[in-house]
Amino acid sequence: MKSLTLYDTMARKKRVFEPIDESRVTMYVCGPTVYSYAHIGNARPPVVFDVLRRVLAHLYGESGVVLAANITDIDDKIMAAARESGESIEAVATRFARIYREDLDALGIAPPTLEPKATDHIGPMIAMMQRLVDTGHAYEAEGHVLFSVKSYEAYGALSKRSLDDMIAGARVEVAPYKKDPCDFVLWKPSSEDEPGWDSPWGRGRPGWHLECSAMCEAHLGETIDIHGGGIDLVFPHHENEIAQSTCAHGGKTMANYWLHNGFLNMGSDKMSKSLGNVALIRDLLKTWPGEVLRCALLTAHYRAPLTWNADLLAKTRRSLDRIYGVLRRLGDIEAVAADVPEAFLDALLDDLNTPKAMSELFALAGAANKAETAEEKARAKGELLTAGALMGLGQDNPDAWFGLTGMSEAERAEIDILIEKRQKVRADKDWATADAVRDELNARKVQVDDGPEGSTWRIVVE
RNA sequence: GGCACCGUGGCGGAGUGGCUACGCAGAGGACUGCAAAUCCUUGUACCCCGGUUCGAUUCCGGGCGGUGCCUCCA
């Protein structure tokens with residue numbers, strides 16, 4: 001079997017991937033806090049790790065890969081959103097979790113194998129905290145439970161920061177009950193009107209970092225193969241997860257490979273609500289097919305920063321037109337099942353080099369265009385579809401892609417009549433009338449493509 | 001201030017110590033009544049200055065420019 005190479009943030013280099021158990025490859029990706037609509041930046045990790053999941057499934061089998069992606073459904077931001085809208089916290093979390101799922105569906109991202117919710121795991125969190133307190137890695141202070149950073153020597157290994165650096169660079173006022181400025185909250189007390197759960201340290205709610213450690217342990221075990229997320233999570237979130245899990249598990253490694261995707265920028269500015277340049281997935285889907293968003297997110301290597309703008313989407317759309325154009329042309333050809341083409345697979349196996357893989361995809365498309373015999377076409381189509389499936393591209397119905405299925409029967413009939421009329425006058429070499437009919441079609445955004453075996457048409461999108 | 005990352009042709013974006021990335025856009029050609037699609041061809045590309053080397057966009061050092069993180073952020 002070919003080997004997969006992944007860039008491990010902990011080692012700061014590419015490493016050959018070797019799972020602990022080939023029959024059960026485990027991957028945990030930090031999911032969203034569901035308090036609002038997701039923006040396109042939020043979609044990058046799910047898309048990237050969806051591709052990784054497909055690659056792993058190709059190598060180890062569909063049932064050999066377990067992906068857990070959590071939903072954080074208790075958090076101060078959710079509480080604030082609930083207060084604002086007058087809904088219950090549960091209602092806000094449930095609603096936005098559903099919306100999140102719908103958005104990801106549109107981007108061709110299958111639901112994770114497991115989707116644990118924080119509020120369903122309060123027990124495991126308390127158990128983990130108890131272990132940490134018992135072993136001297138955590139302490140109670142004024143209703144809080146805090147992790148003692150000094151108790152874990154390797155703290156900072158992932159982000160390559162020393163405690164001294166962190167203290168020197170601290171910009172935030174330190175809570176007086178902390179023994180050390182870098183200690184972080186595992187559990188915080190809840191007031192009467194705040195949601196809370198009973199614990200040995202009083203009624204309260206969990207800190208963000210603890211959730212992931214506890215859920216990861218509960219579903220995937222003490223040591224997992226791959227832990228992923230956005231690069232912004234390296235510090236403090238993943239650093240803290242490592243500290244909690246490692247100390248709770250007697251020093252066992254939490255994850256063998258740490259993967260982080262680069263950030264998405266909006267032009268020259270960071271995407272943020274205060275700048276008003278947030279591109280919500282929901283809004284983008286009104287203009288663009290989900291596959292355009294997905295493909296656009298994969299145009300750059302996952303670790304590289306990606307600048308998001310309308311131009312990128314338009315270009316991506318044109319690129320995909322090329323793939324779907326081939327598939328449409330081969331519409332009547334039955335695809336022959338094919339192995340994933342080697343060059344394409346090699347690109348993905350090299351730390352998910354999706355831009356390289358896409359260039360191979362275009363090479364396959366070119367080959368399919370040039371295929372002459374029925375056998376060649378059938379094989380080319382098979383290869384293109386098989387390769388595309390690994391990235392989640394080109395799997396849609398080509399007619400649907402070109403807008404043919406999105407209109408009413410009546411509209412289609414009208415267009416067919418015009419096409420027929422034009423065919424007739426073209427046969428009579430009445431070019432003036434033929435062009436007039438074409439103008440009429442163009443006005444309806446219909447592009448006519450004349451071929452040796454008659455004309456086809458498609459909807460053009462600007 | 002600390003840590004990390006990046007600087008490739010009009011745009012996006014891979015990659016490599018010497019050989020076409022690729023896509024979009026542009027130019028020329030084939031095909032076509034004309035378009036479109038497709039195919040073929042095409043463009044002084046690798047931030048600057050040193051160094052290593054037979055040879056550097058690719059390695060090393062310095063500079064300039066840009067970005068991210070530094071405890072709510074994918």
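Residue numbering restarts at 1 for every chain, and letters A, B, ... go by the order of the sequence lines.
- Residues A:D232 and A:Y7 both approach RNA chain B. Their nearest nucleotides, taken by heavy-atom distance, put A:Y7 toward the 5′ side.
- A 3.5 Å limit on both hydrogen-bonding distances identifies no Watson-Crick or G-U partner for B:C72.
- Pairing of B:G61, defined by two Watson-Crick or G-U wobble distances under 3.5 Å, is identified with B:C49.
- Taking the 5.5 Å centre cut-off and the 30° plane limit, the aromatic side chain of A:F263 is classed as stacked on B:A74.
- In summary, A:E102 and A:R282 engage in a salt bridge, as defined by a charged side-chain N under 4.0 Å from a carboxylate O.
- Separating the P atom of B:G18 from that of B:A35 is a span of 43 Å, rounded to the nearest Å.
- Remark: B:U67 base-pairs with B:A4; criterion is Watson-Crick or G-U wobble with both hydrogen-bond distances under 3.5 Å.
- Ionic pairing of A:E414 and A:R444 is present here: one or more N-O contacts between side-chain nitrogen and carboxylate oxygen are shorter than 4.0 angstrom.
- Taking the C1' atoms as reference points, B:A45 lies 13 Å from B:U20, given to the whole Å.
- Remark: the separation of the P atoms in B:C5 and B:G61 is 12 Å, to the nearest Å.
- Side chains of A:S148 and A:H137: no donor on one and acceptor on the other come within 3.5 Å.
- Using N1 to N3 plus N6-O4 or O6-N4 for Watson-Crick, or N1-O2 and O6-N3 for G-U wobble, each under 3.5 Å, B:G12 pairs with B:C22.
- Each of A:L320 and A:D75 was matched to the nucleotide of RNA chain B holding its nearest heavy atom; the match closer to the 5' end belongs to A:L320.
- Regarding contacts with the backbone of B:G2, every side-chain N or O of A:R161 stays at 4.0 angstrom or more from both OP1 and OP2.
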Nucleotide-resolved protein contact map, nucleotides 29-34 of chain B, B/S/- at heavy-atom distance under 4.0 Å: ----BB
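- A:T113 OG1 to A:H219 NE2: the interatomic distance, rounded to the nearest 0.5 Å, is 11.5 Å.
- Across the C1' atoms, B:C49 and B:A56 are found 14 Å apart, a figure rounded to whole Å.
- Residue A:G229 is classed as a sugar-phosphate contact, given heavy-atom separations below 4.0 Å to backbone atoms only.
- By the salt bridge (charged side-chain N to carboxylate O under 4.0 Å, His left out) test, A:D396 is found to be paired with no residue, residues two or more places apart in sequence or in another chain being considered.
- Between the side chain of A:N70 and the main chain of A:G31, a donor-acceptor pair closer than 3.5 Å is present.
- Under the salt bridge (Lys or Arg N to Asp or Glu O under 4.0 Å) criterion, the residue pairs touching residues 343-364 of chain A are A:K2-A:D346, A:K14-A:D350, A:R303-A:D351, with sequence neighbours excluded.
- Comparing B:A74, B:G13, B:C11 by their nearest atom to the side chain of A:D311 picks out B:C11.
- Contact detail for A:L361 and A:G388: the closest heavy-atom pair is CD1-N, 3.8 Å.
- Using a 4.0 Å cut-off, some side-chain N or O of A:N353 falls inside it from OP1 or OP2 of B:G15.
- The nearest whole Å value for the distance from the CD atom in A:E360 to the P atom in B:G23 is 11 Å.
- With sequence neighbours left out, A:R54 forms a salt bridge (charged side-chain N to carboxylate O under 4.0 Å, His left out) with A:D50.
- Comparing B:C59 with B:U8, their P atoms are spaced 15 Å from each other, to the whole Å.
- Among the protein residues, A:A304 comes within range of the sugar-phosphate backbone only, with heavy atoms under 4.0 Å from sugar or phosphate atoms but none that close to a base.
- The distance between atom CG of A:D439 and atom P of B:A35, rounded to the nearest whole Å, is 14 Å.
- Taking atom C1' in both B:G15 and B:C6, one finds a spacing of 16 Å when rounded to whole Å.
- Looking at heavy-atom distances under 4.0 Å, A:H237 makes no contact with the nucleic acid at all.
- Between the CG atom of A:L158 and the P atom of B:U71 there is a distance of 16 Å, given to the nearest Å.
- Relative orientation of the A:F235 and A:Y155 rings is perpendicular, given thresholds of 30° and 60° on the angle between their planes.
- The distance from atom NZ of A:K160 to atom P of B:A4 is 9 Å, rounded to the nearest whole Å.
- To the nearest angstrom, C1' of B:C22 lies 10 Å from NZ of A:K356.
- Of the candidates B:G13, B:G23, B:A37, B:G23 carries the atom nearest the A:K315 side chain, counting heavy atoms from C-beta on.
- Residue A:S359 places its side chain closer to B:A21 than to any other of B:A21, B:A4, B:A74.
- For the P atoms, the distance linking B:G43 with B:G10 amounts to 14 Å, nearest Å.
- A 6.0 Å sphere centred on CG of A:D332 holds no more than 12 heavy atoms belonging to other residues, nucleotides or ligands.
- Remark: the separation of the P atoms in B:G12 and B:C47 is 14 Å, to the nearest Å.
- Judged by Watson-Crick or G-U wobble contacts below 3.5 Å, the nucleotide B:A27 has B:U41 as its partner.
- Put simply, CG on A:L233 is 16 Å from P on B:G68, counting in whole angstrom units.
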Distances for protein N or O near nucleotides 39-42 of chain B N or O, under 3.5 Å:
from  : atom 1 : to     : atom 2 : distance (Å)
B:C39 : OP1    : A:N369 : ND2    : 3.3
B:C40 : OP1    : A:K370 : NZ     : 2.7

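- If you measure from atom NE2 of A:H260 to atom P of B:A4, you get 16 Å, rounded to the nearest angstrom.
- Which of B:A36, B:A74, B:C72 sits closest to the side chain of A:R458 comes down to B:A36.
- One interatomic measurement links the two molecules: CD of A:E291 to C1' of B:G23, which rounds to 15 Å at whole-angstrom precision.
- Considering only residues two or more places apart in sequence or on other chains, A:H237 meets the side chain to side chain donor-acceptor pair (under 3.5 Å) condition with A:H209, A:E241.
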